Every structure is written in structure tokens, then in C-alpha cells.
Q: 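I am attaching a structure below and will ask some questions about it afterwards.
All figures in this text were calculated on a predicted structure; none of them were measured in a lab. Chain A is the first sequence line, chain B the second, and so forth, proteins listed ahead of strands; every chain is numbered from 1.
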Amino acid sequence: MVPDHQVMSEDEVKTLLARYSITFEQLPKIYHDDAAVKQINGKVGDVIQIVRQSQTAGIAEAYRLVIRRPKK
Amino acid sequence: MPSPKRIGKIKFGLLSPKEIRTMSVRKIIWADTYDDDGFPYPQGLMDLALGVIDPGLRCKTCDQKAADCPGHFGHIELAKPVIHVGYTRLIRKLLRVTCRACGRLLLSPDEIQKVSITAEDEFGGDVLTEKDIKKERACPHCGELQLKVNFEKPTTFSEVLLEDGKKIEHKLTPADIRARLERIPDSDLRLLGINPDVARPEWTILTVLPVPPVTMRPSIILENGQRSEDDLTHKLVDIIRINQRFKENQDAGAPQLIIEDLWELLQYHVTTYLDNEVAGCPPARHRSGRPLKTLSQRLKGKDGRFRGSLSGKRVNFSARTVISPNPNLSVTEVGVPLSIAIEMTVPIRVTAHNIEEMRELVLRGPERKSLKVPCGANYVIRPDNRRLRLGGDNLETIAEQIEPGYTVERQLRDGDIVLFNRQPSLHRMSIMAHRIKVMDGKTFRLNPAVCPPYNADFDGDEMNLHVPQTEEARAEAAILIAVQENILSPRFGGPIIGGIHDHISGIFMLTHDLRWFTKSEILYLLKYFEFEHLPEPGKVEEDGTPFWSNKQVFSIILPTGLNMVFRASSCVNCDECKDEGCERDAFVRIIDGQLQTGTIDKKSIGAFDGAILNRIIRQYGMERASHFIDDMTRLSIRGIMIDGFSFGIDDEDLSRTEYGQIEDELSKAEDDVDRRIRIFQEGQLEPMPGRTPEETLEMQIMQVLGKARDRTGEIAGRHLGLGNSAVLMAVSGARGSMLNLTQMAGCIGQQSVRGERIMRGYEERTLPHYRRGDRGADAHGFIKHSYKGGLSPTEFFFHAIGGREGLVDTAVRTSQSGYLQRRLINALQDLKVEYDGTVRTTMGRIIQYQYGEDGTDPMKGAFGDPVDVKGIVESILKVEV
Ligand SMILES: [Mg+2]
Ligand SMILES: [Zn+2]
Ligand SMILES: [Zn+2]
Ligand SMILES: [Zn+2]
């Protein structure tokens, strides 16, 4: 049920940012206390690769930057 | 162009009394506005230092004239402080979390550490809330006993004292509150998420009131020469009057009671000045009884500054009128009344190449007596941007005058591209570009086939029309927004434009089974079409008269080379399809643009379905498809006119046999229901798994009655064949269903509320007409009569109950979905698919790494699949797969 989450290495992140020519800030976000992030021990500032089954594309990849959940 | 800047942060603060006095150019003390000579009173609400609105006068502050002076603030010194309604929640919070004696936060340093870890947290914000303060009675700093603070809308605060075991409320005056807020130290405010440098809490209690410039509350002069002041001015007058009286009473040492009353009155006026729609506060009214539009009302809501003046505004070069149908227009056209075409213009730049034509336009001027007269021009714009209105005697002179560099504003003429729109604009097909056709009459005319995307009908609907004013806008309209570019809906990837109602009935009647037409008949059908030869006649009688089949007639509007095999709407999904042999003629086979078998109906040409239309778009393109729609609408309307088509009350008549059968069927069902009720009452009813016996009985009754209703429909359907208009419309998919016909001719059936039989009403019964505990069919909303036959009074009542639920549902749904739509649009409006296939915000933030995860345009796919494999194979093999 839960799609595959993996913490990306620094090199992978570098190529990812270069591929889309974006900065860290422009990545989609995920909270540090998300169950899937906790499971793979992701830390604030890590980039997580999510591979999920897609109805339209078969397999779709997404990448999210881990951030702290703001209080309240 | 400057590069876009990123907003780092936004700081919100309060105006301090000091700031208000600094920015003020004048202390206002008089409630009067103008003297008898119409001159503003010094230190009155219209003081010349606050800016000027009357032409001719000069501002005393900036010495500029009416148009140039931006206006300047003044101020009113309030006799006593009053609460600002906008901050009552903040005030309540602060009163509850701080000490009533020393003003410190009601937390010890240890507790503060626990609740808020980092005061300088990146996310800042409200770190401490009311909930973080325990219901503690003593201050940890000075030991003072705390009292409960009550707040009553709109602006009353009070402390609860316990005296002799009784609770006594002691009112806090704004001055008391202000004194308490003043005592809160800066360091404690930061913990509460307040920056004391820009927002000291005591500033939420007003001691001085800014008076807005006259430029934002101008007075208007009525026709009778009287001045009428702005609502804000009226309110300020009230405030100054009460303030004045308050001061006088105070100085005269009036009794406390009077002072309190005046204080409350001042509070009321200041409150309604800021917001005239506060809960618990009667709105201030004009003499006429109309509530005043004060500060908050200027900003809030649909017509407020944000939604009404900034996000959306009125536009020029637009027209609005009622719409009416015209099937002879192309779907890409719109009929525009002459009176509108004369008024609206397109600017044309004069060049060396068109100067002669422009001269003619100018010579013709703004008059245009009839449709046959070519268009003229209304204005000429000189290179120095001066506008010259054409008319009367100046036509020749101006025609002489123009040369390259001038602009002529030409009237609309046939072929001009315009944007056509119907609200609510819920999807992009709500605005499409049409070519205009100037027509008689006073309504916009459109082909009924474009009604579905606009969701328009002709029961009085009005639509808007906009004339693009630049070449770029016209190009964009023609290439992107044109009707033929929007036949496919991006919502489901199928055609949204297509035949409706009579188009479908007509084409069904034309193409159903086999019919033969004589030469004069076929020419009547086809006289408006462009084709070079009639096809070879399908049949020649012995005497030599040629005949053409109805399928041949339809084939004329099909493109050659079209191959399709599918089943029409009228197909009933027999267990084993007889293909070409189908007795309903529902198996459609088109080979090389020739309709061989089958009936054309909703499935083939209807809006939202349009199988043939869809194939034409994919195979021959949008242009051909829009031609096909034009041809189809014209052919179907002529087709329906051969026999004529109507529906009347006697179309619902059945014969005596059917009425007898229906009667039998219904009494059998009622007996069955009674039998089941008896079984239930004897306790013999076997409940279904997970249901009580009552629920089981209810379900059984619903089922029995539902079946009985359907059976009456079948009986009626057996009698009424395709010769009946309602049946024809239901079968072809034009309008209505067999259920509608069942209810008209057979039996209306069970009325329900929330999917159950009607149960509400009196004790154990729905109406006093029934015995208590009666579970019979008629006691709970079963209507055994038909609409034609007429309802009994009790049935009519149950029908009204069931009908009301439907109305409420639609009303609730539309309002909810409208708000949801607004929120979605606000959230998504700036997203864009970039060239690399990503979906991003304007700041380049990624929303999707591939549009829709597969990067596929739904309009280019086939109803959700990327490629219509089945259709392609079928068109090549020419058989159904
Ligand atoms: Mg309507
Ligand atoms: Zn000025
Ligand atoms: Zn204290
Ligand atoms: Zn069949």
C-alpha cells in the first residue's frame, strides 16, 4: 500500500537538482514526522525518492525535501 | 522589465496613537461639513487640509488641485479610549494569559521553557496559546489572585468575582483594559508571537481615531443641488457628535451613569464605523433604513475591494444580451444584432496599403441603416492619441485628414472574431471564440450544438461578448480559443460539442431502418449542402424513377474513407448480438464513408458521446469536424421536418387492456406487501444478515413496489412503440428515459426521503388519514397513479415531500461545489506545464514531475487511454473487435 520511500544520496540529489535546474527550495516538501520518513530514518534536509504505482503511467517517481513540521 | 522579487517576510503591526497624530494634518473637532456657502468648515470633516474633491479648490496641505491631491489623514481625539472591534480576540487572549496586577505572563520561567522551546523559532508565530496557561489562580511573579475574564460580543469584557459564594460580573472599561495591556512587558509579548516594536497591545484600544482623507469619502451633489455625504462621513459625524457631548458631560462632572452610557454609545459608533456587520451589534442605518457601508464592508465580500475591484473589474468592448437558437449558423459563428455591431469597434491602423479602404470606412461614418450596408467607423485616433468622434458633418474633413499612423475604429462586420462567454465560467469551454454574423433582431444567435459547453438554454439566458482589440489577441482567439479547437473537452477527452434534443430525434428518424426518398425529397434534405453530385440511386423502380436510401443521405455528410463499427444508443445489449441483423437497427457499420447499417443517434453524434465526431477529429482534424457538426445539425433539422415531431397529452394514453393489466399488477403488489407485513407481525419474518426484521421488511416492500412500478412501465412500453414521441426520444437518447414514460403513463412509484419510504409526520403514521402503525404501501408514499391519470390528495402530498428533497439537494450541492471550485481555482490558477513536462508554480516550485504522471494531454488520448487501439484496428479491419 505505502509506496517505496528511499533517502537519496548527495550525488543523486545533485543530479536531480541539475536535471530540473531547480534549487532545494523548489522541491516539493514532506514533513520530518511523516510516518514513511520516520520509517527510513530521513532527516530534515534529506531528499526522499518516492516510487509509486500510477494509474496513468504505470510507475511514477517523485522527490520530496524533508522539512520540519511547523508548530501547530 | 524588473526581475521578479521574492517576498522574504511580511510584518504586520498596529498604528500607535503617536503615529496617528504624526500622520494627521489636522485635528478634527467639528461634526459639520460645509457652511451655507458650500465652503468646507475649518477643522470640520471636510477640512481643506484633508484633500480636495471640488474642482477649482486647492489642497491646504499639498497645494495641488482635486485630481492631483492624494488626500491626507486627520485625527479625532477621543474623550475616553474605546476598543477596536477587529482586535477583541487578541485582547481576550492577552487578558487571560497575563496577570491582572503586574501584567506578567502567568507562567514561571520553567514552564515557559517547557511550552515554547525556541522563541526565535524559524516559524515564529503564536508560540503560546490560551490553552498553555493552566487555570491557575495566583500569579507566579507577584502572587496576585487571578479572576476569570468573560468576553461578550461585540466589545464587552468583564471579570468574575466570587462574593459570598455568588458570582458577580464586574465590567472592565476600555481604560481599565488599556492600563492592564500597558503593563505587559515586551519580553513576554515576544513569547506570545507579538513584536512589541510595531504592535504594543494597548494600541488595540483607541485613544485617537484617524480621519480618512476626503478623497476616499467624497460627497456627491444630487440632481436637486443637495449634497449627499458618503456613509463614512455620516459615521464620522456621529462619532464627533457623541465625542463632543461626552467631553462636555465629563468636564461638567456629570453622574457616573450618564458617563457610562455615553461611553458605550461612543464605543457603538466607533465599532460600527470600523465594521457594520459585527455579531451582537445592531447595524447602523441610514435614514432610509439601509445599513451603512463602513470600512469593513468596503473590503469584504463579492463586491468588496478585493473580489470586486482588484481581482475582477468591468471591461470595455463587451456586450450582453439574451441568446436564441439558429441551426443554420455554423457552430463557429455567432449572430450579433446590428445595434451591437454598430456600437462596438475594432481598431485598425492606417497604412499605405489600406488607406483607401480606411477612407471609405470613415466616409461611411457611424450610421448604418440596415444589414446590407457595409460597416463604417465610429472614431479616428490621431497619432497624438486624440480621439475624434465621427458623425454628421466631419466625415469628409477627417477622411481627407487620415494618413499612415492614424487609427480607425471600425464597426464590427461579418467574420470578425469575438470571445463569447456564459457565466458561470466553470471550465475553459465557457469562453470560446466565434466569427460574428451581423443579423436582425436583438438577441445573440448561436447554433444549439454549442449549448452543451456553455451549458446554455434559451429560457432567457444571457451571454457576454468581447471584442479583442489587438492583433495578438485576435491571433490567440483564432488559434487557441476558437470553437473548433475546443470540440474536445480536456475533462474526458471526448467531444463536448454535438447534437442535442431535436438533432438526435431528427437524425434517428432519418436514419432508422430503411427508407427511400425520391429525388425531390433528397434535394429538400440536402439543398443547403455543398456537394458536386448526387450519389448513384440505391434503387430504381421499374418505371425508371430513382430512389435514394436514408442511409445514403446521411453518408453524404460523412468524409470518404471513414470506417467504423459500433453499437448505437438504442442497442439493448441482447445476449447475442445479431450484428447487421439487429431488429432494432442498432448495429452501426460505416465503410468508406458509407453508412451501411444501423441508426445514427446520441452515441454517434450527441454531445458528450459523439463517436463519429470523435473519429472525424482524430482522422481528419478539427476543421473537418466542425463542418461535420454544421452539416449534421442542418440535416437532422431537415430530417425531423419531413414527418414533423411533437408530443402531447394523448401520447401518454394507453388502451383499456393495458390499464387493466397495470391495475392487476399494482393490486398484486399491494397484496404481496400486505402478506409480508402479516408475516412480519406474526414474527415469522426471517431477517437478512446484519438487519433488523423492520429493516428487512422495509427493503422487501421497497423491492416489491419497485418491481411493480417497472412492470407497469413494461406494460406501457409494449403498447407505445417507436411511433410514440416519448419512446423515440428515450430510445434515441435525445431526451428523457423510459422511467419518465413509466411515470407518465404507468405508475409514479415509491416516493422517498433519504432512500427510505416516507416515515416522518405524526405519531406512528405519516398522515391522520391512516391508522397508527399502518405499514401499507399507500400509507408510506407509494403513488400508484400516473402523472397522466392524476394523483390522489395523499399521493400529491407525498410527492411534494419527495420533490422537496430533490430541490434541497440541488441547492446545497451547487452552493457547495461553487465554493469548492473557487478554492481550487485560487489554489491552482498560476500552475503551468513547463517545456520539460513538469508542472510548476510561478516561483518554479515543482508540483508534479510529469504532468498527470504520464505527461499525456487528455484531449490527445482516447477517453483516458493514450491510444485508441480498438478504434484504429476496427477502422482497418472494418469489423468489430
Ligand atoms: Mg436557462
Ligand atoms: Zn493634498
Ligand atoms: Zn502578577
Ligand atoms: Zn442488437
Q: Side chain, backbone, both or neither: which part of A/Arg19 has an atom under 4.5 Å from a heavy atom of chain B?
A: neither

Q: Select one option (side chain, backbone, both, neither) describing which atoms of A/Glu61 are under 4.5 Å from chain B's heavy atoms.
A: backbone

Q: Got a sec: does the CD of A/Glu10 have more than 12 other heavy atoms crowding it under 6.0 Å?
A: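 No, not enclosed.
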
Q: Is it the case that over 12 heavy atoms from other parts of the model lie below 6.0 angstrom from the CZ atom of B/Arg823?
A: yes

Q: Give, for atom CZ of B/Arg845 and atom OG1 of A/Thr23, the distance between the pair rounded to the nearest 0.5 Å.
A: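 Reported to 0.5 Å precision, the distance equals 10.0 Å.
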
Q: Report the option among A/Pro28, A/Ser54, A/Ala60 that has the most heavy-atom pairs separated by less than 4.5 Å from atoms of chain B.
A: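 Max contact count across the listed options: A/Pro28.
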
Q: Using 0.5 Å steps for rounding, measure from the OH atom of B/Tyr849 to the CD1 atom of A/Ile50.
A: 8.5 Å

Q: Would you say that more than 12 heavy atoms from the other residues, nucleotides or ligands in this model lie under 6.0 Å from the NZ of B/Lys153, or not?
A: no

Q: How many angstroms lie between CD1 in A/Ile22 and CE in B/Met843, if you round to the nearest 0.5 Å?
A: 13.0 Å

Q: Examine whether an atom of B/Gln850 lies under 4.5 Å from a heavy atom of chain A, and if so say whether it belongs to the side chain, the backbone or both; otherwise answer neither.
A: neither

Q: Working to the nearest 0.5 angstrom, can you tell me the gap between A/Glu25 CD and B/Ile846 CD1?
A: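 Going from the CD atom of A/Glu25 to the CD1 atom of B/Ile846 covers 13.0 Å.
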
Q: Tell me, side chain or backbone of A/Ala57 under 4.5 Å from chain B's heavy atoms, or both, or neither?
A: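 Both the backbone and the side chain of A/Ala57 come within 4.5 Å of chain B.
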
